[in-house]
Amino acid sequence: MSNTQPAPDGFGPPSQPPQQPAPGYGQPAPGYGYPQSGPGYGYPQSGPAHPAAPPVGYPQAPGYGMPMQPSNGMGTTGLVLGIIGVVCSLTFFLWFFGIILGILGIIFGAIGRGKANRGEATNKGAATGGLVCGIIATVVLPLLGIAVFASIMGSASTF
């Protein structure tokens, strides 16, 4: 084994300077970190790095929660029920289901419009369409059907 730097006496491993004890908790190693500054300079060394979260059950400050998603289900349901009600009211043998679905379309469309007016939903047009289709399925088409039936019966009695 050959050493490139022998000890001063010429024998054995090279001499090394005495080692310092390892830095303790909270003390940076020599040569690392920010230089220590005197009092009154730099950032304060006490206090938490971030504010603590509020205890459970207390209201949070605005801007910390998830934004509320719009609830568009009522308006969409009103539109679907209104359209199906119109289709059922147009057929002769499903007119009863058309009236029931039209009433449900009116109810869900009105609730959906109320939510859209309060800002809880974003589909005011779909809710209005469900309301209109529900009214058509419940009122206009049955009245039209009764008028057509009455005209057919009136013309049949003249023969």
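Sequence positions, counted from 1, serve as the residue numbers for this chain.
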Decide whether Ile136 and Val87 are clustered together by the hydrophobic rule: side chain heavy atoms of Ile, Leu, Val, Met, Phe, Trp, Tyr closer than 4.5 Å, transitively.
no
Should Val86 and Ile103 be regarded as members of a common hydrophobic cluster, given that ILVMFWY residues are connected when their side-chain heavy atoms come within less than 4.5 Å of each other, either directly or indirectly?
no
Do Leu94 and Phe97 make a side-chain contact, defined as non-hydrogen atoms from C-beta onward lying under 4.5 Å apart?
yes
Answer with yes or no whether the hydrophobic clustering places Leu144 together with Phe149; edges join I, L, V, M, F, W, Y residues whose side-chain heavy atoms lie under 4.5 Å apart.
no
Are Phe96 and Leu141 in one and the same hydrophobic cluster, where Ile, Leu, Val, Met, Phe, Trp and Tyr link if side-chain heavy atoms are under 4.5 Å apart?
no
Supply the atom-to-atom distance Cys88 SG to Phe93 CZ, rounded to the nearest 0.5 angstrom.
9.0 Å
Show the nearest heavy-atom pair for residues Ala137 and Pro142, with the distance to one decimal.
O-CD, 3.4 Å
Of all the heavy-atom pairs spanning Ile135 and Ile106, show the shortest one and how long it is.
N-CG1, 3.6 Å
Separation between CZ (Arg113) and CG (Leu131), nearest 0.5 Å, reads 6.5 Å
May I have all residue pairs that pass salt bridge (Lys or Arg N to Asp or Glu O under 4.0 Å) and include part of residues 119-129, sequence neighbours excluded?
Arg118-Glu120
Results of side chain to side chain donor-acceptor pair (under 3.5 Å) for Thr76 - residues two or more places apart only:
Asn123
Are Val132 and Ile100 connected, step by step, through hydrophobic side chains (Ile, Leu, Val, Met, Phe, Trp, Tyr) whose heavy atoms are closer than 4.5 Å?
no
Non-neighbouring partners of Leu81 that pass side-chain contact (heavy atoms from CB on, under 4.5 Å), sequence neighbours left out
Thr77, Leu101, Leu104, Phe108
